[in-house]
Q: 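Pasting a structure here, questions to come.
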Amino acid sequence: MLYYKTQEEIELIRESSLLVAKTLAEVAKVIRPGITTLELDRVAESYIRDQGAVPAFLNYNGFPNTLCISVNSQVVHGIPGKTELKDGDICSVDCGVLKNGFYGDSAFTFGVGDVKDETMNLLRVTRESLEQGITFAIAGNRMGDVSAAIQQHAEASGYSVVREMVGHGIGRHLHEKPEVPNYGKRGAGMTLKEGLVIAIEPMINMGVKSIVHERDGWTVRTADNKPSAHFEHTVAVKKGTADILSSFVFVEEALKSNTNVKK
Ligand code: MG
Ligand code: MG
């Protein structure tokens with residue numbers, strides 16, 4: 001079942017997605033070497049609740065926290081805990097909220113302290129891959145156009161694309177149809193129509209594309225233990241140009257005054 005959204009529904013998803021964007025900015029203000037991922041989770045949960053919204057991931061299929069925080073070779077779905085971030089880590093922070101009956105979903109990967117240039121390049125290319133994919137998320141294109149754009153940009157830098165995890169439709173449910181793969185063939189897949197709202201979220205690995213599951217039942221990690229990055233936007237398909245409902249503007253603004261994050 002595919003749900004196409006009305007403009008009114010899209011505005012509600014935008015409201016939720018902008019709340020996610022501002023929550024990620026709260027994290028961006030305080031992230032630094034020495035902070036625990038659980039402290040970041042607390043910051044996010046109280047901010048979301050203060051805005052009258054509900055953390056979307058908390059208790060989702062039993063997930064124990066507000067944020068998915070995935071460090072270094074962790075790809076996605078990392079559980080916040082008492083481990084402190086270290087100088088040189090990269091840290092993917094994925095956040096979802098539910099407000100007014102609609103979900104928003106976005107993720108940003110931070111460079112904590114003095115991160116190696118080659119690792120910062122992985123972050124840059126992953127974010128660019130997301131942006132490349134978004135440019136194809138317009139009515140009349142195929143899903144494969146979005147997927148191929150992401151894959152081509154990531155692989156052109158020698159990186160690999162995780163296959164097992166994909167983006168998704170979003171709206172009244174956190175995960176709706178269709179799947180949004182980060183690899184594929186131009187011209188293949190479903191035709192994108194106005195009103196489709198999708199979360200596009202490339203997970204790009206420095207080394208091999210294969211992943212393993214950690215024993216906590218959630219965390220996904222690269223099979224070769226090399227770093228992985230993850231950026232995500234919630235996007236509405238329109239004619240002519242995609243409408244990005246989430247935003248990294250608030251994160252960028254917050255990072256200006258955080259000298260513990262590498263830009
Ligand atoms: Mg997400
Ligand atoms: Mg998502």
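Keep in mind that the numbers below use all heavy atoms, side chains included, and drop hydrogens, waters and symmetry copies. One-based numbering, in listed order, for ligands and for the atoms of each.
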Q: Check whether any N, O or S atom of H168 sits under 2.8 Å from the Mg ion (ligand 2).
A: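 Yes, H168 qualifies, because one of its backbone or side-chain N, O or S atoms lies under 2.8 Å.
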Q: Only one of E176, E11, E194 forms a salt bridge (charged side-chain N to carboxylate O under 4.0 Å, His left out) with K5, so which one is it?
A: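 Checked E176, E11, E194 against K5; only one passes salt bridge (charged side-chain N to carboxylate O under 4.0 Å, His left out): E176.
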Q: Hey, are H168 and D105 close enough side-chain-wise for a donor-acceptor pair under 3.5 Å?
A: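 Yes, because at least one side-chain N or O of D105 sits under 3.5 Å from a partner of the opposite role on H168.
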Q: What residues form a ring-ring contact (aromatic ring centres under 6.0 Å, His included) with F136, not counting sequence neighbours?
A: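 Applying ring-ring contact (aromatic ring centres under 6.0 Å, His included) to F136 gives none.
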Q: What residue among D224, N225, T219 forms side-chain hydrogen bond (donor to acceptor under 3.5 Å, both in side chains) with R221?
A: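 Checked D224, N225, T219 against R221; only one passes side-chain hydrogen bond (donor to acceptor under 3.5 Å, both in side chains): N225.
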Q: Any sub-3.5 Å donor-acceptor pair from D89's side-chain atoms to C91's backbone N or O?
A: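 A pair under 3.5 Å: no.
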Q: I need the protein N, O or S atoms closer than 2.8 Å to the Mg ion (ligand 1), given as residue plus atom name.
A: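 Metal shell, protein only: D94 OD1, D94 OD2, D105 OD1, E232 OE1.
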Q: Indicate whether any N or O donor in one side chain lies under 3.5 Å from an N or O acceptor in the other, for H233 and S246.
A: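 There is such a pair between these side chains.
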